[in-house]
> 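Please see the structure below; I have some questions.
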Amino acid sequence: MKRSPLSLNRFGLPLLAALIVVTAVYSEMIAHPAYHDGKIHVIYWEKWTDFEGDAIRKTVEAFNRSQNRIHVDLLTVSGIENKTLLAIAGGDPPDVAGLYGPNVAQYADDNAIIPLDSYCKRYGLDRNHFIPVFWDMGHYHGHQYALPSTPATTALHYNMAMLRAAGITHPPQTIEELDADAAKITTRDANGNIQKVGFLPTEPGWWNWAWGYFFGGKLWNGKDKITATDPGNVRAYQWIQSYSKKYGPGNLQSFRSGLGTFSSPQNGFLDGKVAMELQGVWMYNFISRFAPQMEKPKRIWGVVPFPYPADRPDLANTSVADEDVLVIPRGAKHPNAAFAFIRFIESRKGSEMLCGLQRKFSPLRHVDPQFYATHPNPYIKLFVRLAYSKNVITPPKMGIWPEYSSALSNAIDEVTLMEKTPEQALEEVQQEMQPKLDEYLRRLHLRQKAMHEAQSLSAHGDNQ
């Protein structure tokens, strides 16, 4: 999940002007047309396509039918995290934008989205309404900037048939068991080329940033210090490199290059080439769509919490939580009507419709018992349980997160290719990112100070 929103505060005025020009050029697509039906038209940008797009379209239609005052106009927008910022800079944003959870901190720092505190209070929404981790992802510096649309957690997906063929009777509980099982399953041809693997830390490679947490590591102190060289992170990178030492970096690279795209029958897990994989709640959708033979006539796949180090049972049930979020951009023409739609999404009816159609679980604490009783994913309650785990993890809330995440992925590439030791790779990340965080915080402080002074002057002028 490489989500790297453009940070406007890092660019000078000439580039900002250029961005506004670009926005104006492409505004033919996003302009608010004139309506004559007497309703408030809320422009809603969302990134989803395919069955996820169908799900939000049906949910929007349900909201539009539920009342006669507001009509939500849904527009599918690719690269939404960048285009939304461009639209805000150009003065013509949508009324609602469907972003990613990790976008929230940067958007809030850029003053690009409005706090939702007063709306939440008015509509009775608070932390008790949601599974806590999904409320918390939208909470930043004392304000609620985003609310969840669809949530996710991750767990170990495994192919029962591949495990049994290797003489393994149950999925691994510890990382040591995972490594041993992976070795039993991995096979090579006569030339030494890998044909199938039990497990690879870098497959699919969407949560490279998170591996340190599975070993008790932390990426920063939550305030002003990067902690890339935390012992838990070093241990995680040593574990990742152990696979290259065992199977050869070139062999692993060749094997991975032969895997098909994720959304296809040639997906490594779906194609029987990868026996175990860290994946999210959405994986059932792709199994049922591209590998029905894994479901019928007999289910041959399963899901368990990702294993923990044998000497750290306190890290059991570690899971990466993520979510799609709804925000109101600064400059939105109809913020009140926009939040009325958001409130519908946060209701039982709206949430269960959207999340059910996308075959995910609801971010709400309380749902209709029938929602899970009739849910097609046989492991859906496990993903819900992991969302409540004390070891659930989320991306750090920091404005430089896109750069930090990218640096960590580069470090894992270097470690996997045996170009650097884990210690060297993480030390370089530490040395690269701490100055960037320092500079980011310095500029953020100056901007906030200037905004405060401007507000004080405006208030003083109003009192004259």
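The model shown is predicted, which means the values in this text are computed figures rather than measured ones. In this chain, residues are counted from 1 in sequence order.
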> Please name all residues satisfying side-chain contact (heavy atoms from CB on, under 4.5 Å) with N285, sequence neighbours left out, ordered by chain then number.
F51, W282, R359

> If you count the non-hydrogen atoms of other residues, nucleotides and ligands that lie under 6.0 Å from NZ in K381, is the total more than 12?
no

> What's the spacing between Y140 OH and D109 CG if we round to 0.5 Å?
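With rounding to 0.5 Å, OH (Y140) is 3.5 Å from CG (D109).
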
> Measuring from atom OG of S149 to atom CD of Q358, what distance do you get when rounded to the nearest 0.5 angstrom?
7.5 Å

> Ignoring hydrogens and geometry beyond distance, is a side-chain donor-acceptor pair present between N391 and Y308 at under 3.5 Å?
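Result is no, nothing qualifies.
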
> Is the shortest heavy-atom distance from the side chain of E346 to the side chain of P148 under 4.5 Å?
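Answer yes - side chains close enough.
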
> So, the side chain of D95 versus the backbone of I43: is there a donor-acceptor pair under 3.5 Å, distance only?
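Pair found, side chain donor or acceptor close to backbone of I43.
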
> At what distance, to the nearest 0.5 angstrom, does CG of N208 lie from CG of D413?
7.0 Å

> Which pair of heavy atoms, one from A425 and one from V415, lies closest together, and at what distance?
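Closest heavy-atom pair between A425 and V415: CB-CG2, 3.7 Å.
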
> Show the nearest heavy-atom pair for residues A411 and V429, with the distance to one decimal.
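In this case the closest contact between A411 and V429 is CB-CG2, 3.8 Å.
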
> Stepwise, does the ring-ring contact (aromatic ring centres under 6.0 Å, His included) test hold for F262 with W206?
CA-CA 11 Å; F262 175 76; W206 296 348; 4.8 Å; yes

> Measure across T416 and S244 and return the closest heavy-atom pair with its distance rounded to 0.1 Å.
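The answer is O-OG, 2.5 Å.
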
> Decide side chain to side chain contact (heavy atoms under 4.5 Å, CB included) for I393 and K218; before the verdict, give the C-alpha distance in whole Å, the side-chain angles of both, and the deciding distance to 0.1 Å.
CA-CA 10 Å; I393 56 179; K218 296 290 185 292; over 6 Å; no

> Cut-off 3.5 Å, side chains only: do Q424 and E428 have a donor facing an acceptor?
no

> Distance-only, no hydrogens or angles: does the K58 side chain make a donor-acceptor pair with backbone N or O of M353 under 3.5 Å?
no

> Measuring from Q279:CD to Y284:OH, what's the distance to the nearest 0.5 Å?
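It comes to 16.0 Å.
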
> Are E439 and R442 within salt-bridge range, i.e. N to O under 4.0 Å?
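Salt bridge present between E439 and R442.
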
> Quick check against the 3.5 Å criterion: does Q67 have a side-chain atom that pairs as donor or acceptor with the backbone of R69?
yes

> Please check if the side chain of E176 supplies one atom and the backbone of A310 the other of a donor-acceptor pair under 3.5 Å.
yes

> Do you know which two heavy atoms are closest between D230 and G216, and how far apart they sit?
OD1-O, 4.2 Å

> Sequence neighbours left out, what passes side-chain contact (heavy atoms from CB on, under 4.5 Å) with I113? Give chain and number order.
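Listed in chain order: Y107, Y145, V327.
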
> With a 3.5 Å cut-off and no angle check, do the side chains of H41 and D73 form a donor-acceptor pair?
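Present: a donor and an acceptor within the cut-off.
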
> Is P151 close to M137 at the side-chain level, that is, under 4.5 Å between some pair of heavy atoms?
no

> Report yes if some heavy atom in the side chain of F371 is under 4.5 Å from a heavy atom in the side chain of L364; otherwise report no.
no

> For atom NZ of K223, decide whether the heavy atoms of other residues, nucleotides or ligands shown that lie under 6.0 angstrom number more than 12.
no

> Go through the steps to decide whether D110 and R330 satisfy the test side chain to side chain contact (heavy atoms under 4.5 Å, CB included), and finish with yes or no.
CA-CA 10 Å; D110 286 344; R330 190 165 297 281; over 6 Å; no

> Drop me the distance from K83's NZ to L75's CG, to the nearest 0.5 angstrom.
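Between K83 NZ and L75 CG, I get 9.0 Å after rounding to 0.5 Å.
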
> Within the distance-only criterion (no hydrogens, no angle test), does the side chain of Q430 pair as donor or acceptor with the backbone N or O of E432 below 3.5 angstrom?
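Such a contact is absent between Q430 side chain and E432 backbone.
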
> Counting only N and O atoms by type, is there a donor-acceptor contact under 3.5 Å from the side chain of T174 to the main-chain atoms of P309?
no

> Do Y247 and V197 touch side chain to side chain, with heavy atoms closer than 4.5 Å?
no

> Which class fits the ring pair F199 and Y243: parallel under 30°, tilted 30 to 60°, perpendicular over 60°?
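Rings of F199 and Y243: perpendicular, over 60°.
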
> Measuring only between side-chain heavy atoms, which start at C-beta, is F214 closer than 4.5 Å to V320?
yes

> With a 4.5 Å cut-off on side-chain heavy atoms, are N336 and R122 touching?
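With C-beta onward as the side chain, the pair touches.
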
> Could I get the full list of salt bridge (charged side-chain N to carboxylate O under 4.0 Å, His left out) partners for R57, not counting sequence neighbours?
D54

> Any sub-3.5 Å donor-acceptor pair from N233's side-chain atoms to G217's backbone N or O?
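Such a contact is absent between N233 side chain and G217 backbone.
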
> For F339, check ring pair (Phe, Tyr, Trp, His ring centres under 6.0 Å) against everything at least two apart and list the hits.
Y119, Y123

> Without swapping roles, check the side chain of N64 against the backbone of V72 for a donor-acceptor pair under 3.5 Å.
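Yes, the answer is positive, given that a donor and an acceptor are paired below the 3.5 Å cut-off.
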
> When you check the gap from the basic side-chain N to the acidic O, do E52 and K360 get nearer than 4.0 Å?
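So E52 pairs with K360 through a salt bridge.
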
> Is the backbone of Q173 close enough, under 3.5 Å, to the side chain of E177 for a donor and an acceptor to pair up by distance?
yes

> Apply side chain to side chain contact (heavy atoms under 4.5 Å, CB included) to residues L200 and V274 and explain how you reach the verdict.
CA-CA 8 Å; L200 287 179; V274 180; 5.9 Å; no

> Write down the atom of A155, the atom of V304, and the distance for their closest heavy-atom approach.
CB-O, 3.3 Å

> Between V42 and A337, which heavy-atom pair has the shortest distance, and what is it?
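Smallest interatomic distance, heavy atoms only, reads CG2-CB, 3.6 Å.
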
> So do the side chains of P94 and P329 get within less than 4.5 Å of each other, counting heavy atoms only?
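In short, these two side chains touch, coming nearer than 4.5 Å.
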
> In Å, rounded to the nearest 0.5 Å, how long is the span from CG of L437 to CH2 of W401?
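Result: 12.0 Å between the selected atoms.
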
> Between the side chains of D438 and Q434, does any donor sit under 3.5 Å from an acceptor?
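Yes, Q434 and D438 have a side-chain donor paired with an acceptor closer than 3.5 Å.
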
> Is a side-chain donor or acceptor of S406 paired with a backbone partner of P402 at a separation under 3.5 angstrom?
no

> Are K47 and D324 within salt-bridge range, i.e. N to O under 4.0 Å?
yes

> When you compare the side chain of L386 with that of V392, does any pair of heavy atoms fall below 4.5 Å?
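When only atoms from C-beta onward are counted, L386 and V392 do not touch, as no gap falls below 4.5 Å.
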
> Using 30° and 60° as the class limits, which term best fits the ring planes of W239 and W211: parallel, tilted or perpendicular?
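Geometry flag for W211 against W239: perpendicular rings.
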
> For S78 and T49: C-alpha separation, side-chain torsions, deciding distance, then whether side chain to side chain contact (heavy atoms under 4.5 Å, CB included) applies.
CA-CA 9 Å; S78 61; T49 58; over 6 Å; no

> Enumerate the residue pairs fulfilling side-chain hydrogen bond (donor to acceptor under 3.5 Å, both in side chains) with a member in residues 125-134, sequence neighbours excluded, ordered by first and then second residue.
R127-D136

> Tell me every residue that passes ring pair (Phe, Tyr, Trp, His ring centres under 6.0 Å) with Y237, counting only those two or more places apart in sequence or in another chain.
none

> Which class fits the ring pair F134 and F361: parallel under 30°, tilted 30 to 60°, perpendicular over 60°?
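Rings of F134 and F361: tilted, as their planes differ by 30° to 60°.
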
